[in-house]
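The block underneath contains the structure these notes are about, expressed in C-alpha cells.
Residue numbers count from 1 along this sequence. Whatever order the structure lists them in is the order used to number ligands and atoms, beginning at 1.
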Amino acid sequence: MSNNSPTVKFCNGQQIPIELHKVRIVQKLHLRPIDERFQAIQKGGYNTFLLNTKDIFLDMLTDSGTNAMSDNQVSAMLQADDAYAGSQSYYKMEEALQEVFGKQLVLPVHQGRAAENIISQAFIKQGDIIPMNYHFTTTKAHMELNGGTIFEIFTDEGLVIKSSNPFKGNIDIAKLQSLITQYGAEKVAFIRMEASTNLIGGQPFSIQNMREVHKIAKENNILMVLDASLIGENAYFIKQREEEFKQSSIQDILLTMCGMADIVYFSSRKVSSTRGGGICTNNHDLYMKMRDLVTLYEGFLTYGGMSIREIEAMAVGLRETLDETVICQSPSFIKYAVDELDALGVPVVTPAGALGCHVDAGGFLSHVPQKEYPAGALAAAFYIISGCRGMERGTISSVRLENGEDLLADVELLRLAFPRRVFTLSQTMFVVDRMNWLFKNRELVGGLRFVEEPKVLRFFNGRLEPTSDWPQKLIAKFKQDFGDSL
Ligand SMILES: *Cc1c(COP(=O)(O)O)cnc(C)c1O
C-alpha cells in the first residue's frame with residue numbers, strides 16, 4: 001500500500017477513509033431540533049436552495065466554492081501583488097497551469113461558465129453540433145445560445161444506477177463515428193469531454209476512451225475540448241481503476257489527459273477551492289481566436305475578472321491537485337458513504353464517483369409519481385430528519401414544456417455533495433445513519449407540488465408544498481424513535 005493511501009485498514013478488515021490533514025480553523029455548526037428544521041423548510045418553500053445556513057447542520061448542496069482551503073493557500077493570499085496589469089500573482093498562476101496541465105498559453109476568466117461563453121463564441125457557428133459525454137447546465141446553455149446543438153453520446157451504462165462499470169463517463173465511440181458520418185466533420189465545432197461527468201453522478205472517463213476519441217478527432221481534423229473542472233478526481237479514478245496507470249503519478253495522468261485536448265478549460269471553484277477559472281492551449285491560432293473576447297467580457301489578461309488574492313490561492317490550489325492525499329479526500333469519503341448505504345439496501349448510484357453521494361430517489365420513493373418530484377421530496381424529508389442539505393437533481397431541475405407538462409428527468413437523484421476536506425467521518429456516519437432510517441420509513445414520505453414556479457431555472461427560486469400532511473407524520477415517527485435526540 002502506498003504512503004498516499006486514502007484509507008487505512010482496521011482490525012476487523014474494514015477499509016476506513018482517513019483525514020490526512022488536521023483541522024486548524026473551524027466554523028461552528030448548529031443541529032437544530034426537528035421542529036425548528038420543519039419551520040425552516042416551510043419558510044424555504046420545501047426548496048433546499050432557499051434555506052438559510054444558520055438552520056443547516058451539514059451543507060451538502062454543492063462542492064462549488066465550498067472546498068476547504070489549505071494553510072498554504074490562505075497564506076499565499078496575503079502575498080498578492082495588487083496590479084491591474086502585469087501582476088506577479090498572475091504569472092505564478094500561469095506557471096502553475098503550465099506545470100499541471102502542460103499548456104503554455106493561458107487565459108484567465110472569472111468562473112467556469114465564462115470560459116464556456118468564450119469558447120462557444122469563438123468556435124461554434126449556427127448549425128454546428130457538439131458531441132460530448134454529457135452536458136453541464138451552463139455548458140449547454142452557452143452552446144445553444146451560439147447556435148450549436150449538443151449530442152450526449154455516453155455509453156449505455158452511463159445512466160444505469162447500480163453498476164460496476166468503472167468508467168460510466170466514457171463516450172460511445174460508435175455513436176461518435178455515426179454522428180460524424182451523419183453531419184460531416186466540418187459541422188462538428190469540437191468534441192467536448194467532461195472529466196468526472198457532473199450530472200450523471202460524478203462518473204469518470206478512462207484514458208483508453210479518450211485515446212479512441214482523440215484518434216477519431218485527429219483523423220477528421222476536429223478540435224478536442226476538455227472540461228477540467230473535476231479533473232483531479234477523474235485522474236485519481238484512472239489511477240485506481242485503469243490497469244495501465246496503477247503506477248503513474250497524478251501529474252503524468254493529468255498531462256496525458258490534457259495532452260490529447262486542444263483546449264482545456266476549468267472552473268476553479270471546483271478544481272482548486274477558490275473562485276475563478278481559465279482556458280489553456282498550446283495552439284497560438286486558437287489562443288488568438290479567444291484572447292480579445294477575454295478582455296471584452298472578463299478583464300485584462302492578467303486578472304480575467306478574478307481578484308488577485310484568489311489568483312494566488314488558485315496557483316497553490318492547482319499544484320495541490322497533484323497531491324493524491326488531497327484529491328483522494330472527497331472520493332474516499334463518498335465511497336465510504338455509497339458502500340455503506342448500498343450494503344444497507346438504500347438505492348445509490350454505483351460505483352461511487354466524484355463530487356457527492358447520489359441517492360436514487362426514483363427507487364427510494366418508488367410510490368411517489370415522478371410528476372410529484374420524488375428527488376425534491378427526498379431532499380426536503382432528509383433535511384427535516386437530519387438537518388443536512390442536499391440538492392435535487394431530477395424533474396424540478398428540468399423544465400415545463402409548452403403543453404404544461406413537466407419534461408421528466410432521465411433520473412431522479414438527490415445529491416449529497418462532499419466538498420474536499422470539509423466533513424469528518426463521524427459526520428459522514430451520521431448521514432448514512434439518518435438516510436438508512438429514512439429509507440426504513442420511506443412510505444411516510446409523499447410528494448410535492450409547485451406553489452410558485454419561475455419560468456427559467458425554476459429549481460433555484462421555486463416554492464413548493466407537500467401534497468398531504470406527510471411531513472407531520474414523518475416528524476411524529478422520528479420523535480417516537482429518537483426521543484429528544486437531535
Ligand atoms: C461547475 C461546473 C462548470 C461551471 O463552472 P462555474 O464556475 O460554476 O461557472 C462547468 N463545468 C463543470 C463540469 C462544472 O462542474
Side-chain angles (χ1 to χ4, degrees), residues 49 60-67 93 101 107-121 130 132-146 148 150 152 154 158 168-171 190-205 210 224-237 254 257-258 261 263-280 294 297-299 304-307 310-311 313-314 317-318 321 327 330-331 334 353-356 358 391 393 397 413 415 417-420 457 459-460:
F49 273 101
M60 311 184 88
L61 189 73
T62 176
D63 63 331
S64 181
T66 56
N67 290 329
M93 180 188 89
F101 292 159
L107 293 164
V109 295
H110 80 276
Q111 64 185 79
R113 69 198 68 182
E116 291 168 339
N117 171 39
I118 286 164
I119 292 169
S120 300
Q121 288 207 30
I130 309 103
M132 59 182 69
N133 44 357
Y134 207 72
H135 79 281
F136 185 71
T137 48
T138 54
T139 320
K140 178 172 165 170
H142 279 295
M143 291 179 177
E144 290 178 349
L145 206 61
N146 283 282
I150 68 161
E152 298 171 279
F154 50 87
K168 293 204 292 188
N170 277 355
I171 279 184
F190 50 83
I191 300 168
R192 172 177 174 275
M193 288 190 87
E194 181 182 310
S196 304
T197 327
N198 190 329
L199 295 187
I200 57 171
Q203 299 292 320
F205 58 74
M210 195 176 187
M224 260 180 84
V225 173
L226 172 63
D227 181 336
S229 302
L230 293 164
I231 197 171
E233 285 78 2
N234 200 124
Y236 172 71
F237 288 127
L254 290 177
M257 292 169 87
C258 295
I263 294 172
V264 177
Y265 78 91
F266 62 95
S267 163
S268 176
R269 299 176 67 88
K270 325 280 170 67
V271 82
S272 72
S273 323
T274 59
R275 277 157 294 267
I279 309 172
C280 314
V294 172
Y297 289 102
E298 301 300 303
M306 282 181 272
S307 92
E310 283 165 356
I311 290 176
M314 193 170 141
L318 281 164
T321 303
I327 54 169
S330 170
I334 293 165
L355 213 157
H358 294 75
M391 189 191 288
R393 293 276 83 159
S397 298
L413 300 179
R415 182 179 83 190
F418 277 82
R420 202 183 277 171
L457 298 175
F459 61 93
F460 281 131

Legend entry - salt bridge (Lys or Arg N to Asp or Glu O under 4.0 Å) partners of Arg393, counting only residues at least two apart: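 So Arg393 forms no salt bridge (Lys or Arg N to Asp or Glu O under 4.0 Å) with any residue.
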
Inset, instruction - Apply salt bridge (Lys or Arg N to Asp or Glu O under 4.0 Å) to Asp63 and list each qualifying residue two or more places apart in sequence or on a separate chain. - result: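 For Asp63, no residue satisfies salt bridge (Lys or Arg N to Asp or Glu O under 4.0 Å) once neighbours in sequence are set aside.
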
Inset, instruction - Please name all residues satisfying side chain to side chain contact (heavy atoms under 4.5 Å, CB included) with Ala114, sequence neighbours left out, ordered by chain then number. - result: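 Counting only residues at least two positions away or on another chain, Ala114 forms a side chain to side chain contact (heavy atoms under 4.5 Å, CB included) with Val109, His110, Glu298.
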
Inset, instruction - Please determine, by modelled atom types, if Glu116 and Thr139 share a side-chain donor-acceptor pair under 3.5 angstrom. - result: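 There is such a pair between these side chains.
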
Inset, instruction - Answer yes if the side chains of Glu194 and Tyr134 hold a donor-acceptor pair under 3.5 Å, and no otherwise. - result: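 No, because no side-chain N or O of Glu194 sits under 3.5 Å from a partner of the opposite role on Tyr134.
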
Close N/O pairs between ligand 1 and protein, under 3.5 Å:
unit_1: ligand 1; atom_1: 5 (O); unit_2: Ser267; atom_2: OG; d: 3.4
unit_1: ligand 1; atom_1: 7 (O); unit_2: Gly112; atom_2: N; d: 2.9
unit_1: ligand 1; atom_1: 7 (O); unit_2: Ser267; atom_2: OG; d: 2.7
unit_1: ligand 1; atom_1: 8 (O); unit_2: Arg113; atom_2: NH2; d: 3.0
unit_1: ligand 1; atom_1: 9 (O); unit_2: Gln111; atom_2: NE2; d: 2.9
unit_1: ligand 1; atom_1: 9 (O); unit_2: Gly112; atom_2: N; d: 3.3
unit_1: ligand 1; atom_1: 9 (O); unit_2: Arg113; atom_2: N; d: 2.8
unit_1: ligand 1; atom_1: 9 (O); unit_2: Arg113; atom_2: NE; d: 2.7
unit_1: ligand 1; atom_1: 11 (N); unit_2: Asp227; atom_2: OD2; d: 2.7
unit_1: ligand 1; atom_1: 15 (O); unit_2: Asn198; atom_2: ND2; d: 2.9
unit_1: ligand 1; atom_1: 15 (O); unit_2: Lys270; atom_2: NZ; d: 2.6

Inset, instruction - Drop me the distance from Lys270's NZ to Arg420's CZ, to the nearest 0.5 angstrom. - result: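 With rounding to 0.5 Å, NZ (Lys270) is 12.0 Å from CZ (Arg420).
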
